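Remarks on the structure that follows.
Keep in mind the model is a prediction, meaning the values are calculated, not measured.
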Amino acid sequence: MATVVLWAAVAAVVTLSVASMFVGVIDIDFGAVLTDPEARRVFALSRIPRTLALILAGTAMAVAGLILQSLMRNRFVAPTTAGTVDAAAVGLLVVIIISPGAPVMGKVMVALVFALVGTILFLAVVRRTRFREAILVPLIGLVLGGVYRAVAEFLAYRYNLVQSIDTWFNADFSGIIAGRYETLWLAGAAAAAAYVFANRLTAVGMGEAFATSIGVNYRATMAVGMGIAAFATAVVVVTVGAIPFLGLIVPNIVTILVGDSLRKVLPITALAGAVLVLGCDIAGRIVIFPYEIPVGTIVGTVGAGIFLFLVMRKGNRYAAA
Amino acid sequence: MISVESLTKAYNGDAVVDAVTLQLPGSGLTTIVGPNGAGKSTLLSLISRILGPDAGTVIADDIDVLSAPGTEVAKKLSILRQDQNTTARITVRELVEFGRYPYSKGRLTEACHIAVEEAISYCDLVSLEERPIHEMSGGQRQRAYLAMVLAQDTRYVLLDEPLNNLDMVHATGMMRLLRSLADDQGKSIVLVLHDINYASVYSDRIVGMRDGEVVQDGPTSEVITPDALQAVFGTAFPVHDLAGNKFADYFR
């Protein structure tokens with residue numbers, strides 16, 4: 001099963017990547033890329049960077065969601081429901097206010113620190129509450145995220161930055177050209193690094209006692225997992241903006257198909273995240289051609305539908321949880 | 001031998017485990033019994049370093065359980081608790097492979113594969129090895145967790161109420177399996193049980209706990225007596241000899 005799904009996902013990524021490179025305002029066909037220098041320039045400057053950015057951002061957000069779901073042992077947790085995205089946005093805003101000319105990596109690091117603190121605070125609040133019902137955990141995250149976001153909006157309002165923060169919560173790839181997406185490779189690298197820890201993360205997802213009994217350092221693994229998820233989220237928020245629902249639904253669909261062992265799930269989740277973002281971005285470019293709908297809006301719409309289906313489908317595993 | 005020295009755990013000033021000093025043998029089957037709240041499960045969690053103690057030491061053979069590296073301890077003793085994760089969608093084989101983590105850190109060696117195969121067949125799970133554990137019955141899942149602990153290949157195997165939620169047939173099957181582990185593989189099995197008659201029939205040694213303290217500790221024949229049981233449970237029940245075993249009649 002896992003192998004079939006893996007190869008299907010690889011095929012889908014390749015197909016959609018090719019499609020993504022040939023959809024755009026300037027009509028380019030395959031022959032033109034080989035012969036026309038102008039077409040080649042559009043390709044190198046815009047189409048390839050955009051396609052890579054979509055793949056990397058989709059991968060990073062999906063893997064971040066998967067890691068958080070495993071660590072928290074809750075299938076409704078994701079960067080968007082654990083306060084991670086909102087906290088990263090506060091961090092980004094703080095850098096822009098204090099040091100507007102900071103380099104991208106500086107922004108990423110500050111956003112990372114805020115994302116980590118915000119997510120750890122969420123973890124601490126969840127640990128202290130007596131409510132352990134599956135559905136209440138993300139509600140706590142949403143409330144906490146709402147608080148972070150209120151802080152961000154207040155700061156943005158005071159410093160005339162309201163327009164920029166909107167784009168951080170709703171990814172838009174229309175402005176991606178060569179030179180403006182490369183930090184996303186770091187998010188992709190973080191997702192790949194998670195694979196090294198796959199077994200340990202799965203063990204931690206089985207519970208603290210389980211992990212300890214086989215000699216896995218619970219706290220250290222928790223810290224590494226949180227760090228990877230927060231870093232991937234921070235990079236995506238700073239570079240293109242968060243993609244709503246992605247980190248929530250992609251891991252859910254994939255774990256339904258292949259189980260919870262991260263060794264198996266992680267590569268497929270990474271590819272499936274790329275597939276969903278690529279597909280939605282292509283749709284966003286076609287629907288009101290020659291204009292564009294931001295990918296975040298499309299993913300949000302499609303994602304909400306998929307999520308409702310997952311929750312309401314007969315005999316689903318959320319009903320009992 | 002596991003040497004437990006002055007092990008203490010208190011919650012809000014109430015000692016759940018109160019300066020327990022105890023020696024668990026390096027082989028055979030030892031059962032810890034006692035009324036609810038006696039501190040049996042807490043003691044087992046402390047010995048297996050799943051719970052940090054307020055004071056005391058635990059030495060398993062030559063390893064200081066509370067300070068040695070996690071994987072070193074995990075090669076010496078394993079623990080199976082009652083609050084297992086029952087919702088994780090991992091297969092029996094994936095679960096059992098986790099038992100090899102202390103040796104391989106996830107990259108299974110040839111020896112690991114052999115240990116996994118052996119554990120799966122020992123627990124009679126060959127036909128179920130690709131089943132996700134969340135789809136299994138309580139008894140099957142219990143066996144799957146036991147197989148994982150076997151793959152961990154530790155001298156000491158600690159089990160917290162392994163008969164919970166098992167019917168009589170499965171409970172007896174589990175006890176037979178544990179007995180044969182002690183007899184065939186020379187392991188030291190330490191378990192917490194509610195039913196003193198299961199303890200009586202299968203144990204070499206019984207430890208009786210009450211109010212966080214060890215009040216009885218000896219060979220089975222010496223602990224399954226009206227006086228000793230009275231000291232542990234605070235009520236007297238008659239003990240009968242039946243087919244060479246001693247049974248406490250606590251039903252009336």
Completion exercise
Nearest heavy-atom approach of B:Tyr101 to A:Val216 is CE2-CG2, 3.4 Å
Practice task
Check the pair A:Val258 / B:Arg89 against side chain to side chain contact (heavy atoms under 4.5 Å, CB included), numbers first and verdict last.
Solution key: CA-CA 8 Å; A:Val258 300; B:Arg89 277 159 318 130; over 6 Å; no
Handout entry: Within residues 25-61 of chain B, residues adjacent to chain A where the heavy-atom gap is under 4.5 Å
Key = B:Arg49, B:Ile50
Exercise for the section: Find the distance between CD1 (B:Ile90) and CG (A:Leu262) and round it off to the nearest 0.5 Å. Expected result: 10.0 Å
Handout entry: Min side-chain heavy-atom separation B:His134-A:Asp260 under 4.5 Å
Key = no
Practice task
Output, in order, the C-alpha distance, side-chain angles, deciding distance and verdict of side chain to side chain contact (heavy atoms under 4.5 Å, CB included) for A:Asn199 and B:Glu97.
Solution key: CA-CA 10 Å; A:Asn199 271 315; B:Glu97 284 175 353; over 6 Å; no
Handout entry: With sequence neighbours excluded, residues passing side-chain contact (heavy atoms from CB on, under 4.5 Å) with A:Leu142
Key = A:Thr81, A:Leu139
Fill in the blank from the handout: Among A:Lys264, A:Arg200, A:Met206, the residue with the most heavy-atom pairs under 4.5 Å to chain B is A:Met206
Handout entry: Contact residues of residues 207-214 of chain A (partner chain B; heavy-atom separation under 4.5 angstrom)
Key = A:Ala209, A:Phe210, A:Thr212, A:Ser213, A:Ile214
Exercise for the section: Look at B:Glu94 together with A:Arg263 and state whether they make a salt bridge at an N to O cut-off of under 4.0 Å. Expected result: no
Problem - Interchain contact, B:Pro102 with chain A, by part (heavy-atom threshold 4.5 Å) - result: both
Practice task
Taking heavy atoms only and a threshold strictly under 4.5 Å, list by residue number the residues of residues 142-159 of chain B that touch chain A; give 'none' if the list is empty.
Solution key: B:Tyr145, B:Met148, B:Gln152
